[in-house]
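We use all heavy atoms of the structure for the numbers below, so side chains are in, but hydrogens, waters and symmetry mates are not.
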Amino acid sequence: PLIIINVYPSGISQILSFAGIFVATILGILPNAMMLSKTYNPGMPPNSITQKALSILSIIFFSMIIAIEIWQLVGWNPIN
C-alpha cells in the first residue's frame, strides 16, 4: 500500500471502490437472486410475497450502491 500511495495517490480510493462493488455483488445481490430463483434448494416451501418484495428491494438497493461506486470511478460524484 505504501508504494501505491507514493506512485498513484488516488489508487487506494479506487481499490476500495472496486472492493465495494465486489462486496455489494457477492453479499447483496447474489444471495437475494438465489433466494428468488430457488434453484439451489428446490425442496424449500414457496417464498411469501413479503419475502419476494424484500428481496427485490434489497437487489435494487445494492444495485444502486454499485451504480454510485461506478459513477464515482468514472468521475461523476452523485453524493456532492
Side-chain angles (χ1 to χ4, degrees):
L2 187 60
I3 295 171
I4 294 172
I5 291 172
N6 288 330
V7 174
Y8 189 53
S10 64
I12 295 294
S13 175
Q14 289 183 350
I15 290 170
L16 290 176
S17 290
F18 283 119
I21 293 169
F22 178 75
V23 167
T25 303
I26 297 297
L27 298 178
I29 293 178
L30 288 180
N32 287 304
M34 286 172 56
M35 197 274 297
L36 286 174
S37 71
K38 294 187 58 164
T39 57
Y40 69 99
N41 194 356
M44 292 178 59
N47 294 329
S48 69
I49 195 75
T50 306
Q51 289 173 330
K52 290 178 183 178
L54 289 175
S55 186
I56 290 170
L57 189 65
S58 180
I59 288 173
I60 291 170
F61 172 77
F62 283 107
S63 296
M64 289 305 299
I65 296 289
I66 291 171
I68 289 171
E69 290 294 330
I70 290 172
W71 286 331
Q72 286 179 347
L73 284 172
V74 171
W76 183 70
N77 193 355
I79 305 292
N80 292 335

**Student:** Minimum heavy-atom separation for M35 to Q51, with atom names?
**Tutor:** CE-O, 3.5 Å
**Student:** Considering residues at least two apart in sequence or located in another chain, which fulfil the side chain to side chain contact (heavy atoms under 4.5 Å, CB included) criterion with I70?
**Tutor:** I21, I66, V74
**Student:** Do the side chains of I60 and L30 join up, straight or via other hydrophobic residues, at under 4.5 Å, putting them in one cluster?
**Tutor:** no
**Student:** Using atom types as modelled and distance alone, determine if a side-chain donor or acceptor of S63 lies under 3.5 Å from a backbone N or O of I59.
**Tutor:** yes
**Student:** Determine which pairs satisfy side-chain hydrogen bond (donor to acceptor under 3.5 Å, both in side chains) with at least one residue from residues 22-31, sequence neighbours left out, and list them in order.
**Tutor:** none
**Student:** Identify, with sequence neighbours excluded, every residue that meets side chain to side chain contact (heavy atoms under 4.5 Å, CB included) alongside F22.
**Tutor:** I26
**Student:** So, using side chain to side chain contact (heavy atoms under 4.5 Å, CB included) as the criterion, who are the partners of S13 when residues are at least two apart?
**Tutor:** none
**Student:** Would you please name every residue forming a side-chain hydrogen bond (donor to acceptor under 3.5 Å, both in side chains) with S17, sequence neighbours left out?
**Tutor:** E69
**Student:** According to a 4.5 Å side-chain heavy-atom criterion applied to Ile, Leu, Val, Met, Phe, Trp and Tyr, with indirect links allowed, do F61 and I29 form part of one hydrophobic cluster?
**Tutor:** yes
**Student:** Is W71 linked to F18 within one hydrophobic cluster, defined over Ile, Leu, Val, Met, Phe, Trp and Tyr using a side-chain heavy-atom separation of less than 4.5 Å?
**Tutor:** no
**Student:** Identify the two heavy atoms, one from G28 and one from N32, that lie closest to each other, and give their separation to 0.1 Å.
**Tutor:** O-ND2, 2.6 Å
